[in-house]
2 protein chains.
Amino acid sequence: MNYTLKHLRYFTAAAEAGSVTGASELCHVSQPSVSAAIAHLEDVFGVQLFIRHHAQGLSLTPAGNRLCKAARDLLTHAEELSQDAAGLAEGLSGDLDVGCFVTFAPFVLPGLLRVLASEHPAIHVRPHEDDLRALPEGLRRGRYEIAVTYDLNLPQDIAFEALVTVPIHVLLPARHRLAKRRAVRLADLAEEPLVLLSLPESRNHFLSVFAEAGLEPNIAYETSSFEMVRGLVANGYGYGLMHSRAPHQRALDGTPLASVPLSEPRREMHMGLARLQTTRATRMALAFAETCRRHLPALLDARDAG
Amino acid sequence: MNYTLKHLRYFTAAAEAGSVTGASELCHVSQPSVSAAIAHLEDVFGVQLFIRHHAQGLSLTPAGNRLCKAARDLLTHAEELSQDAAGLAEGLSGDLDVGCFVTFAPFVLPGLLRVLASEHPAIHVRPHEDDLRALPEGLRRGRYEIAVTYDLNLPQDIAFEALVTVPIHVLLPARHRLAKRRAVRLADLAEEPLVLLSLPESRNHFLSVFAEAGLEPNIAYETSSFEMVRGLVANGYGYGLMHSRAPHQRALDGTPLASVPLSEPRREMHMGLARLQTTRATRMALAFAETCRRHLPALLDARDAG
DNA sequence: GTAGTTCATCGGCAAAACCTATGCTTACCC
DNA sequence: GGGTAAGCATAGGTTTTGCCGATGAACTAC
């Protein structure tokens, strides 16, 4: 058997009021309740807490005095815990863990965080970059409570809200024969060597684009790095397929490259927000989602315009 | 309605075990109890704490993770409070508030503290010096839980345990005609001027000694300071009556004086321990009392021999 | 498909907390 | 000194809470 926070509250109230009756009024309970709580604490602690003065209240014993200070500390600590919880639940301040698909994280997160910081300065986002297969697992394991991702093979337990339709662009060397076209068709590319971005889910996605058209690509290289694809393409090792587009036309080694839209209509793919179906969102997550809804499309358009 | 420490215990156990069932075994309660506790916390905090994986346990949400750390802190804090209480009740370590009659405090407390420190090194005594009237009040107000005092007019609510019988000594100037006697009678003194130690209770005590003998003293001076009495007596302003005897024969100004026992049998007065009737002693107080029983007589004898 | 695992819910029961009423002790006042 | 007021403790009865066993629901794994 042990003590409860309520016992401590009645005890400290009695110490403050200097009487059981006074404490009972402070705590809005009956006088016997306070009396019993004090007796209970004296029992479990094995220490006399108060000296009873008949008809004129109580005094703390030396031991009671020390325990009263400790009890007050514990109660304020408990109060802080409640405050923390309330802050997490309702407040728009504190840390918010957000997952994001690693490839486009540097394209969208900085802008989103900037907007969020202006709308909700007290929210501090902790970004977690993962590939498309790790993101649902991160949500399930509670590493983050919301994620920005593509709707590629999302499991049933993930709720997805599409925000932006993302087209496929073809990356070509700057001097490639197709680089000046306004659009290219899959059939134009089938014979060319492909530098494939090979990440979980996205790899299959690109291949299925060809399969739906009854074509099979000619895979020359596979890499999991966005910038590696661009470097290989720029240097003439093949063409690349991308959803994310950089605002400039150079690979990291300075070699120029071109980006041309794919002309065929395809099954659309979307960038959007993913959360667990079953969980209740915190207010911070809701605020983040609202910011994404309002600003994510514009952020991507601005990139395209630039 | 609020949360209890038990709720937090079940919650943190579930976080550690990664499952409700595991937590129920850790806490030796049924699985529904843990389940209900978590649901209750999620309700009062308004935050989802866990992500439920059907058939394979739980994961903390980001918010749950933060609250879990806070809950663990609070629980260890609560555990410390219990430890403190247990230490106060049973342990022989910590602070012990002790009252002592101001006049003889410098005669007995240093020696007592030295013996106590060797027997119970972890007990730290905080001495509180008061006059005989303030001591019972200090006990009642919880300023200290035990006191070393005389049994002079002690109220009914004070329990007194006599340890040493203290005789009255007569202080005389070194060259006084009675200074060489082995003992003096009250009748020898009645006409002499008296330098009276005038503290609450003790003043009346000295006067009643004369009254019982049918005599009335000739009060020349009154002072509340032990050393002031000695100084006045040494310089020839009268004789003094004392229960406490210094180990030397000089007043603070260097003037010599003599100390002679009073010969008459009188109502005895005792030095001993005072506590409130109704309170239960802590183990530290009991240890202090035992130390006093064993060493206080010897300490006073040694003083007399020296 | 079947067995195993795990969490949530339900109904009953026991413990605890609470309240009203009362008793007991002391302080205060005429 | 007796009466009154103040204040804590106890008693009895009611409500609330906590706990358990059983059951249901949802998923995994073979």
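Below, chain A is the first sequence line, B the second, and so on; all start at residue 1.
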Novice: Would you kindly compare A:V29 and A:Q56 by the position of their nearest DNA chain C nucleotide and give the one closer to the 5′ end?
Specialist: A:V29
Novice: Tell me: CD of A:E25 to P of D:dA6, nearest whole Å?
Specialist: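 Computing the A:E25:CD to D:dA6:P distance gives 12 Å.
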Novice: Any side-chain N or O of A:T21 less than 4.0 Å from the OP1 or OP2 oxygen of D:dA6?
Specialist: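 So the side-chain polar atoms of A:T21 never come under 4.0 Å of the phosphate oxygens OP1 or OP2 of D:dA6.
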Novice: Less than 4.0 angstrom between a side-chain N/O of B:Y10 and OP1 or OP2 of D:dC19, yes or no?
Specialist: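 For B:Y10, the contact criterion (side-chain N or O under 4.0 Å from OP1 or OP2 of D:dC19) is met.
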Novice: Whole Å only: how far is the CG atom of B:D157 from the P atom of D:dC8?
Specialist: 17 Å
Novice: Over all strands shown, is A:S30 touching base, sugar-phosphate only, or nothing at heavy-atom distances under 4.0 angstrom?
Specialist: base
Novice: Hey, does A:F50 reach any base, or is it just sugar-phosphate, or nothing, if we go heavy atoms under 4.0 Å?
Specialist: nothing
Novice: In whole Å, what is the span from the NE2 atom of B:H28 to the P atom of D:dC20?
Specialist: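 After rounding, the gap between these two atoms is 12 Å.
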Novice: For A:T4 and A:P32, find the nucleotide of DNA chain C closest to each by heavy atoms; which residue's nucleotide sits nearer the 5' end?
Specialist: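 Closest to the 5' end, via its nearest nucleotide, is A:T4.
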Novice: For A:H128 and A:D97, which I'm curious about, is there any donor-acceptor pair between the side chains at under 3.5 Å?
Specialist: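 Looking only at side-chain atoms, A:D97 and A:H128 do form a donor-acceptor pair, the distance falling under 3.5 Å.
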Novice: Which residue in the set A:S35, A:P32, A:S33 passes side-chain contact (heavy atoms from CB on, under 4.5 Å) when paired with A:V20?
Specialist: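 Between A:V20 and the candidates, side-chain contact (heavy atoms from CB on, under 4.5 Å) is satisfied uniquely by A:S35.
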Novice: Just checking B:S19: base, sugar-phosphate only, or nothing, at a heavy-atom cut-off of under 4.0 Å?
Specialist: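 Here B:S19 touches the backbone only, sparing every base.
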Novice: Please state how far atom CD in B:Q31 lies from atom P in D:dA25, giving the value in whole angstrom units.
Specialist: 16 Å
Novice: Hydrogens and angles aside, do A:Q277 and A:D157 bring a side-chain donor and acceptor to less than 3.5 Å of each other?
Specialist: no
Novice: In whole angstrom, give the distance that lies between atom CG of B:L5 and atom P of D:dG18.
Specialist: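 Distance check: B:L5 CG to D:dG18 P gives 13 Å.
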Novice: Say whether A:E145 and B:T61, considering side chains only, have a donor N or O and an acceptor N or O under 3.5 Å apart.
Specialist: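 There is no such pair (donor and acceptor under 3.5 Å, judged by atom type) between the side chains of A:E145 and B:T61.
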Novice: Measure CD1/A:I51 against C1'/D:dG7 and give the value in whole Å, please.
Specialist: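 Going from A:I51 (CD1) to D:dG7 (C1'), I get 16 Å.
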Novice: Please compare A:H53 and B:K6 by the position of their nearest nucleotide in DNA chain D and report the one closer to 5'.
Specialist: A:H53
Novice: How close or far is atom C1' of D:dC27 from atom CG of B:L58, stated in whole angstroms?
Specialist: 14 Å
Novice: Could you go through the side-chain contact (heavy atoms from CB on, under 4.5 Å) check for A:R9 and A:L75 one step at a time?
Specialist: CA-CA 7 Å; A:R9 243 182 305 268; A:L75 287 174; 4.1 Å; yes
